[in-house]
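When a residue number appears, it is its place in the shown sequence, counting from 1. Bear in mind that the values here come from a model prediction, so they are computed numbers and not experimental data.
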Amino acid sequence: MIAIYQTLQLILSVVYTVMIVHIIMSWLISFQVLNLHQPIVAQIWTGLNKLLEPIYTPIRRFMPDTRPLDLAPLVAFIAVIALRAFILPAVFGLA
């Protein structure tokens, strides 16, 4: 059981890190610190979007339309934190 718990914790930690990178990169792009015309920046941005879009899309279906501000990453980020810190340990009886 502990091996499953640790595997799920590792997966959630990777998702958490990828989401942090995506959020910071989106800020840097918005404030024009990073330029999407640079090939490496565009490749990283596209890769992060392809990784995280399957997580964000179902959340966007249930969220109200706040057009200039996308709240799906925030909701997903809070969900990952809750899974890592509270739900997963409670399910495996470690809390």
Report all side-chain donor-acceptor pairs from residues 10-20 shorter than 3.5 Å, counting only partners two or more places apart or in another chain.
residue : atom : partner : partner atom : Å
Ser13   : OG   : Gln9    : O            : 2.9
Thr17   : OG1  : Ser13   : O            : 2.9

Any Phe92 side-chain heavy atom under 4.5 Å of Ile2 side chain:
no
Only pairs at least two apart or in different chains count here, so list each salt bridge (Lys or Arg N to Asp or Glu O under 4.0 Å) that has a residue in residues 33-42.
none
Mind checking side chain to side chain donor-acceptor pair (under 3.5 Å) for Thr7 and listing every partner two or more places apart, or none if nothing turns up?
none
Donor-acceptor pairs under 3.5 angstrom involving side-chain atoms of residues 63-89: please list them, not counting sequence neighbours.
residue : atom : partner : partner atom : Å
Asp65   : OD2  : Arg67   : NH2          : 3.3
Thr66   : OG1  : Leu69   : O            : 2.5
Asp70   : OD1  : Arg60   : NE           : 3.3
Asp70   : OD1  : Ala72   : N            : 3.3
Asp70   : OD2  : Arg60   : NE           : 3.2
Asp70   : OD2  : Arg60   : NH2          : 2.5

Can you give the donor-acceptor pairs under 3.5 Å from side chains of residues 39-50 to other protein atoms, not counting sequence neighbours?
residue : atom : partner : partner atom : Å
Thr46   : OG1  : Ala42   : O            : 2.7
Asn49   : OD1  : His22   : NE2          : 2.8
Asn49   : ND2  : Trp45   : O            : 3.2

Contacts table for residues 27-36: side-chain donor-acceptor under 3.5 angstrom, sequence neighbours left out:
residue : atom : partner : partner atom : Å
Ser30   : OG   : Ser26   : O            : 2.9
Asn35   : OD1  : His37   : N            : 3.1

